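Read the numbers this way: they start at 1 and go in the same order the structure lists the ligands and their atoms. Quick caveat, the model's predicted, so the values are computed rather than measured.
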Amino acid sequence: MKVFVNKRIPEIGIHMLEDAGLEVFIPENENLSHDEWLSYCKSSDAILSVGGDYKYDKDFFDECPNIKAIALFSVGFDHVDIKEANQRNIPVGNTPDVLSKATSDVAFLLMQSVARRASYNFEKVKTGNWGSFDPLHALGQELYGKTLGVFGLGRIGFEMAKKAQKAFDMNIIYHNRHHNEEAENELNARYVSFDELIENSDVLSIHANFKPEQKELFNAEIFGKMKPNAIFVNTARGGFHHQKDLYEALTSGKIWGAGLDVTNPEPIYKDDPILELSNVCVLPHIGSATIEARNGMSKLAAENLIAFVKGEKMPHCANPDVYNN
Ligand code: DGY
């Protein structure tokens with residue numbers, strides 16, 4: 001079976017695939033045009049897909065009838081039309097758990113960076129504007145005893161909530177499709193309605209899987225309901241927030257600051273005015289960018305494909321219903 005890997009990943013997964021007898025193809029030039037990418041997909045049986053640039057939708061599946069399995073090098077699967085994959089009996093693997101700590105670390109980092117205006121102060125240092133001690137300039141806010149609101153309390157949200165509680169004794173509220181009993185028992189997390197979450201969070205952190213119907217859910221209306229001291233953190237998907245509305249909320253004092261590891265659009269334009277703001281910290285989607293997490297993702301992606309080849313269920317499958325067909 002021929003597996004197309006569109007970008008180099010940590011060796012561990014590649015070795016596992018080769019040891020299992022799979023033919024692995026990684027192009028020399030990883031900056032593929034859409035047509036190049038598509039032609040490699042057409043001549044392969046399975047894809048180990050790295051990054052969110054490529055869409056696996058009806059057109060893709062129609063054009064690549066040979067594809068029998070997709071192993072994503074990500075936990076998110078918003079770039080895959082799961083219904084189409086199910087109809088064609090194509091299992092789609094993903095990489096949960098191994099990146100939960102790393103991604104929540106970035107949410108925690110952004111929360112603190114914004115609370116203490118780290119980007120703004122670093123910029124002052126870099127531009128030779130350290131200045132003299134000023135008791136009133138660029139004051140941050142402390143997080144002790146404040147309320148963290150988690151939108152989507154799954155594995156990553158749980159890790160974020162755990163850290164916030166341990167470090168700052170924060171109260172945890174959350175909104176989900178389902179109750180998270182582990183979080184309620186271990187962290188005393190309280191399930192609230194979406195409106196309560198928005199209105200009561202001092203820090204609002206998004207950790208949900210993105211669905212098309214949630215596009216720009218966090219817009220002017222929602223920012224308008226948040227607390228003026230609130231910090232908005234998005235490490236999930238840029239599509240969750242309306243970026244111009246966020247800019248407006250940040251400049252008009254509707255909210256206090258924002259920490260973004262994901263942007264809308266992504267990558268962010270370098271002249272996006274949000275980058276000029278002193279109450280913002282933006283990172284280039286580095287949530288899972290640790291040696292440990294990326295090795296783990298490489299291993300899980302390989303395990304998913306190897307299971308498929310053996311005729312077994314993928315151990316981490318984004319569309320487990322495919323096995324009921
Ligand atoms: C994920 O795993 O979904 C990360 O956001 C990287 O795409």
Side-chain angles (χ1 to χ4, degrees), residues 4-10 12-13 30-32 37 47-57 60 69-82 85 91-111 150-160 176 205-212 214-218 232-241 243 258-268 281-305 314-320:
F4 166 44
V5 187
N6 61 293
K7 256 189 190 162
R8 279 183 308 128
I9 59 171
I12 180 168
E30 297 178 346
N31 294 317
L32 301 172
W37 165 75
I47 307 170
L48 197 162
S49 177
V50 187
D53 296 341
Y54 303 115
K55 305 280 170 244
Y56 300 98
D57 54 11
F60 169 83
I70 299 177
L72 301 175
F73 190 80
S74 66
V75 65
F77 48 88
D78 47 302
H79 49 316
V80 183
D81 187 330
I82 291 293
V92 179
N94 69 341
T95 61
D97 296 324
V98 290
L99 47 65
S100 300
K101 287 195 164 65
T103 304
S104 61
D105 286 348
V106 169
F108 190 75
L109 166 80
L110 287 168
M111 172 176 80
V150 180
F151 180 72
L153 207 161
R155 290 167 277 232
I156 301 174
F158 184 88
E159 292 297 329
M160 169 64 172
N176 256 12
S205 194
I206 304 183
H207 296 287
N209 282 324
F210 180 73
K211 301 198 186 56
Q214 293 168 316
K215 187 166 186 287
E216 298 177 345
L217 173 65
F218 292 85
F232 175 77
V233 177
N234 190 358
T235 53
R237 285 293 180 265
F240 271 117
H241 67 258
Q243 203 146 298
L260 307 175
D261 188 42
V262 290
T263 59
N264 184 13
E266 195 169 305
I268 195 168
C281 180
V282 181
L283 298 173
H285 203 146
I286 58 159
S288 66
T290 64
I291 296 163
E292 292 82 355
R294 293 282 161 86
N295 279 334
M297 292 163 76
S298 182
K299 194 162 166 271
L300 289 198
E303 279 172 8
N304 279 335
L305 284 177
M314 286 186 174
H316 303 283
C317 191
N319 59 338

Looking only at distances, please establish whether an N/O atom of ligand 1 is found under 3.5 Å from an N/O atom of G76. yes

Closer than 3.5 angstrom, by distance alone: can the side chain of N6 be matched with the main-chain N or O of V50 as a donor-acceptor pair? yes

4.5 Å side-chain heavy-atom contact, I70 and F77: no

Give the atom numbers and elements of ligand 1 that come within less than 4.0 Å of a heavy atom of S74. 1 (C), 2 (O), 3 (O), 7 (O)

Could you check whether F151 and F218 have their ring centres less than 6.0 Å apart? yes

C281 side chain near L260 side chain, heavy-atom distance below 4.5 Å: no

Please list, in number order, the atoms of ligand 1 under 4.0 Å from a heavy atom of L99. 2 (O)

Honestly, for T103 the part within reach of ligand 1 (heavy atoms, under 4.0 Å) is neither

Indicate yes or no: does an N/O atom of V75 lie under 3.5 Å from an N/O atom of ligand 1? yes

Does NZ in K211 sit with more than 12 non-hydrogen atoms of other residues, nucleotides or ligands closer than 6.0 Å? yes

Quick check: does any side chain N or O of T103 sit under 3.5 Å from a backbone N or O of S100, one acting as donor and the other as acceptor? no

S288-ligand 1 polar pair, N/O distance under 3.5 Å: no

Show me which atoms of ligand 1 lie under 4.0 Å from any heavy atom of H285. 4 (C), 5 (O), 6 (C), 7 (O)

